[in-house]
Amino acid sequence: FFAKAIRGIEVLLKKNGYRVIITQSHDNVEDERSSIETMLEARVDGILASHAMGTTDFKHYQKVLDRGVTLILFDRFNEAIDTHVVAIDDFKGGYRTTEHLIDQGCKKIAYIGGFSHVHIYNERFRGYRQALLDHDLAFDEDIVFEGDMKMQSARDFTGQLLDASTIPDAIFATSDYSAIGAIQVLKERGIAIPDQVAVAGFSNEEFDSFVTPSLTSTDQHSDEMGRLAAQLFLNQINDESTTTVTQKTMLATELIVRDSTRKSGDQSNF
């Protein structure tokens with residue numbers, strides 16, 4: 001995801017004479033704060049960022065704005081920061097994925113999500129729960145996981161699901177790496193995918209077509225997200241007006257249906 005987004009950012013900004021400096025926090029909040037301090041000390045023209053999973057205090061981002069430096073948040077953002085945002089409609093993405101599983105005949109859909117304080121994961125969860133509600137299916141908190149989205153965490157939770165008295169007939173993981181972790185455990189236990197348990201991911205990573213079974217996932221159009229974030233930066237830099245109105249650009253998602261959920265032979269994408 002981030003490689004594609006960065007590519008979208010780099011291509012456009014280099015064409016416009018900007019040098020792109022890339023840092024990674026690896027979801028470590030202290031590294032994130034340090035990177036922002038370094039950027040400010042280097043007197044950069046702007047910062048485009050997707051905040052770390054564990055970030056709950058956004059003072060370091062507010063400092064960027066207080067210094068008068070253009071700040072664009074993409075993918076992960078927080079309403080506490082009044083700045084420009086480019087993201088996807090995570091609610092609809094979560095809703096459509098869940099509805100697709102329901103359309104395949106699934107009635108007990110487990111959910112593997114990130115921490116709820118992260119806006120994108122909260123929205124995907126809201127979409128999941130709303131789809132269940134709209135289709136008169138019960139919400140069961142015992143088959144819902146909230147955590148760090150690492151593959152091992154998904155493996156551990158999937159094992160717990162399979163050890164329960166009644167296993168789900170579908171798993172919706174809000175990252176493809178978590179979905180792969182779930183698939184690994186299902187295959188190790190001899191569970192047929194998707195006939196016994198369907199699995200859907202989120203992000204449409206490039207490996208999704210090559211795993212067995214191929215993984216149904218939601219395309220976030222990350223390269224387009226990066227390009228739009230870069231364009232929004234250019235627009236702000238070139239805006240000579242004295243007032244700045246923050247912009248929020250929301251991209252539509254696309255559900256890519258593959259073998260991991262295709263129980264009924266449905267060939268369509270959404």
Side-chain angles (χ1 to χ4, degrees), residues 1-5 75 88-114 120-121 123-125 127-128 131 143-162 167-225 251-270:
F1 169 82
F2 287 109
K4 291 180 182 178
D75 186 42
I88 63 167
D89 191 332
D90 285 287
F91 174 85
K92 284 187 178 179
Y95 189 100
R96 286 177 177 174
T97 301
T98 307
E99 188 171 55
H100 165 66
L101 292 168
I102 294 169
D103 289 343
Q104 299 303 299
C106 302
K107 298 185 182 302
K108 187 173 184 179
I109 303 170
Y111 177 87
I112 300 176
I120 63 172
Y121 295 121
E123 288 298 289
R124 291 172 197 176
F125 175 73
Y128 158 77
I143 59 173
V144 171
F145 171 82
E146 175 186 318
D148 58 19
M149 302 303 293
K150 293 181 179 179
M151 191 179 294
Q152 186 59 50
S153 298
R155 285 182 55 87
D156 293 343
F157 180 65
T158 303
Q160 294 172 24
L161 291 173
L162 298 182
I167 69 172
D169 53 15
I171 297 174
F172 170 26
T174 57
S175 88
D176 287 346
Y177 287 94
S178 294
I180 293 299
I183 285 175
Q184 288 176 344
V185 174
L186 291 170
K187 292 172 77 172
E188 289 165 5
R189 298 284 191 97
I191 305 295
I193 309 166
D195 294 335
Q196 290 178 275
V197 180
V199 181
F202 207 102
S203 285
N204 197 34
E205 301 285 355
E206 293 190 359
F207 57 73
D208 290 352
S209 296
F210 304 106
V211 298
T212 304
S214 57
L215 179 62
T216 291
S217 189
T218 293
D219 195 331
Q220 298 176 264
H221 300 297
S222 50
D223 51 348
E224 178 69 2
M225 186 184 296
L251 300 175
T253 59
E254 180 183 6
L255 181 63
I256 310 298
V257 178
R258 299 189 179 96
D259 293 342
S260 67
T261 63
R262 193 179 278 134
K263 289 187 176 183
S264 61
D266 181 13
Q267 299 295 314
S268 59
N269 293 331
F270 299 88

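- For E146, there are no salt bridge (Lys or Arg N to Asp or Glu O under 4.0 Å) partners at least two apart in sequence or on another chain.
- For residues 172-212, the set of pairs meeting the ring-ring contact (aromatic ring centres under 6.0 Å, His included) definition, not counting sequence neighbours, comprises Y111-F172, Y177-F207.
- Between the side chain of S153 and the main chain of M149, no donor-acceptor pair closer than 3.5 Å is present.
- Applying the side chain to side chain contact (heavy atoms under 4.5 Å, CB included) criterion to A170, with sequence neighbours excluded, gives L101, C106, I109, A198.
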Handout entry: Stepwise side chain to side chain contact (heavy atoms under 4.5 Å, CB included) check, T158 with I112
Key = CA-CA 9 Å; T158 303; I112 300 176; 4.2 Å; yes
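- A distance of 11.0 Å separates NE2 in H100 from CD1 in I256, rounded to the nearest 0.5 Å.
- Looking only at side-chain heavy atoms (C-beta outward), T174 and Y128 stay at 4.5 Å or farther from each other.
- By the salt bridge (Lys or Arg N to Asp or Glu O under 4.0 Å) test, D259 pairs with R262, sequence neighbours left out.
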Exercise for the section: Please step through side chain to side chain contact (heavy atoms under 4.5 Å, CB included) for the pair R155 and E188, ending with a clear verdict. Expected result: CA-CA 11 Å; R155 285 182 55 87; E188 289 165 5; 3.0 Å; yes
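- Using modelled atom types, one side-chain atom of D169 and one backbone atom of K108 make a donor-acceptor pair closer than 3.5 Å.
- Partners of T216 by side chain to side chain donor-acceptor pair (under 3.5 Å), not counting sequence neighbours, listed by chain and number: T261.
- Every residue two or more places apart in sequence or in another chain that forms a side chain to side chain donor-acceptor pair (under 3.5 Å) with D156 is listed here: Q152.
- Distance check, rounded to the nearest 0.5 Å: CD of Q220 to CD1 of I120 gives 7.0 Å.
- For E224, the side chain to side chain contact (heavy atoms under 4.5 Å, CB included) partners are H221, R227, L228, L251, not counting sequence neighbours.
- Side chains of T218 and T253: no donor on one and acceptor on the other come within 3.5 Å.
- With sequence neighbours left out, A5 forms a side chain to side chain contact (heavy atoms under 4.5 Å, CB included) with F74, S222.
- The two atoms that bring A173 and A179 nearest to each other are CB-N, 3.5 Å, heavy atoms only.
- For the side chain to side chain donor-acceptor pair (under 3.5 Å) test, residues two or more places apart in sequence or in another chain that qualify with N204 are D219, R258.
- The distance from the OG atom of S175 to the OH atom of Y121 is 6.0 Å, given to the nearest 0.5 Å.
- Atom CG of D176 and atom OG of S217 lie 3.5 Å apart (nearest 0.5 Å).
- Scanning for side chain to side chain donor-acceptor pair (under 3.5 Å) contacts around Y95 gives D134, with sequence neighbours left out.
- Residues satisfying the salt bridge (Lys or Arg N to Asp or Glu O under 4.0 Å) criterion with D90, sequence neighbours excluded, are R124.
- Partners of K187 by side chain to side chain contact (heavy atoms under 4.5 Å, CB included), not counting sequence neighbours, listed by chain and number: I183, I193, T212.
- With rounding to the nearest 0.5 Å, the separation of CD1 in I191 from CG in L186 is 6.5 Å.
- No more than 12 heavy atoms of other residues, nucleotides or ligands shown are found within 6.0 angstrom of NZ on K92.
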